[in-house]
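Shown next, in structure tokens, is the structure this report addresses.
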Amino acid sequence: MNSRLSTFLVGAILFFAFIGFADSSYLLAKRIAGGPIPCVLGFIGCDTVDKSPYSVFLGIPLSAYGVAFYLAIGILSILYLDTKRVIFARLILPIATLGFISSLYFVYLQAFIIKAFCIFCLISAGVSAVLFTLAILAYRKLSSPV
């Protein structure tokens, strides 16, 4: 069994975790400040999505969960790069899977329930899809014979 991942693959995971963290942090900061979320690229539903009852779970804004999700993946990536302990790399897949499934649900809500789209939410969904794909690649590499 292969016990090493390329620095490039883990670096890519770390890079996308940072992008997602920045995106979610921006949304969380806007939510806490109470300011409007300016939409770009022709999207006009950012505030509609942010003010919907679906933007909070258990009293916590979804953007805070996003910050925690991306931070967890980033920390696991750094821990793997620092220690080369496979457990850190293996933990990325279940977390990325949870994030990806959640993102699919949130995109569904935007499309069919809220009927508005937030570009920042869609960026987060795209990043979680990329992270899910990279996590599958990493898991397969760790599980394959040398």
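Taken as a pair, C46 and C39 meet the criterion of an SG-SG distance shorter than 2.5 angstrom.
Heavy-atom neighbours of K51 NZ from other residues, nucleotides or ligands within 6.0 Å: above the threshold of 12. Atom CD1 of I113 has more than 12 heavy atoms from other residues, nucleotides or ligands within 6.0 Å.
The minimum heavy-atom distance between L5 and A138, with the atom names listed, is CD2-O, 3.4 Å. Contact between I95 and A72 at its shortest, heavy atoms only, is CD1-CB, 4.5 Å. Between A17 and I73, the shortest heavy-atom distance links the atoms CB-CG2, 4.0 Å. Residues V49 and A116 share a closest heavy-atom pair of CG2-O, 3.4 Å. Nearest heavy-atom pair across V40 and I119 is CG2-CG2, 3.9 Å. Considering every non-hydrogen atom in both D47 and I37, the closest pair reads OD1-N, 2.9 Å.
How far CZ of R31 is from CD1 of I60: 11.5 Å, rounded to the nearest 0.5 Å. Separating the CZ atom in F88 from the CG atom in D82 is a distance of 9.0 Å, to the nearest 0.5 Å. Distance CG/L14 to CG/L76: 11.0 Å, rounded to 0.5 Å. C121 contributes atom SG, which lies 10.5 Å from atom CG of L109 (distance to the nearest 0.5 angstrom). Taking CG of L79 as the reference point, atom CD1 of I75 lies at 7.0 Å (rounded to 0.5 Å). To the nearest 0.5 Å, atoms CG (L27) and CD1 (I123) are separated by 9.0 Å.
Here the side chains of V127 and D23 are not in contact, with every heavy-atom distance at 4.5 Å or above. Side chains of L62 and V56 form no contact here, defined as non-hydrogen atoms less than 4.5 Å apart. Side-chain contact check for S77 versus I92: some heavy-atom pair is nearer than 4.5 Å. Under the 4.5 Å side-chain criterion, counting only non-hydrogen atoms from C-beta, Y70 is in contact with S124.
Note: the hydrophobic cluster containing F100 does not contain L71 (ILVMFWY, side chain heavy atoms under 4.5 Å, direct or indirect links). Grouping the Ile, Leu, Val, Met, Phe, Trp and Tyr side chains by contacts below 4.5 angstrom, directly or via other members, places L28 apart from Y54. A continuous path of ILVMFWY side-chain contacts below 4.5 Å connects V10 to L91, so both sit in one hydrophobic cluster. Hydrophobic clustering (side-chain heavy atoms under 4.5 Å, transitive across Ile, Leu, Val, Met, Phe, Trp, Tyr) keeps F106 apart from I101. Following chains of ILVMFWY side-chain contacts shorter than 4.5 Å, one can reach I78 starting from V67, so the two form part of one hydrophobic cluster.
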Would you sort out whether T48 and S52 count as a side-chain contact (heavy atoms from CB on, under 4.5 Å), showing the intermediate values? CA-CA 6 Å; T48 303; S52 81; 5.9 Å; no

Test log, rule side-chain contact (heavy atoms from CB on, under 4.5 Å), inputs S128 and F69: CA-CA 9 Å; S128 74; F69 164 69; 4.1 Å; yes

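Sorted by first then second residue, the ring pair (Phe, Tyr, Trp, His ring centres under 6.0 Å) pairs that include residues 15-36, not counting sequence neighbours, are Y26-F120.
Legend: residues meeting side chain to side chain contact (heavy atoms under 4.5 Å, CB included) with F117, ordered by chain and number and at least two apart, are F43, Q110, A111, L122.
Using a 4.0 Å cut-off between charged nitrogen and carboxylate oxygen, K30 and D50 do not count as a salt-bridge pair.
Annotation: cation-pi geometry satisfied between R90 and Y139 (NZ/CZ under 6.0 angstrom from ring centroid, within 45° of ring axis).
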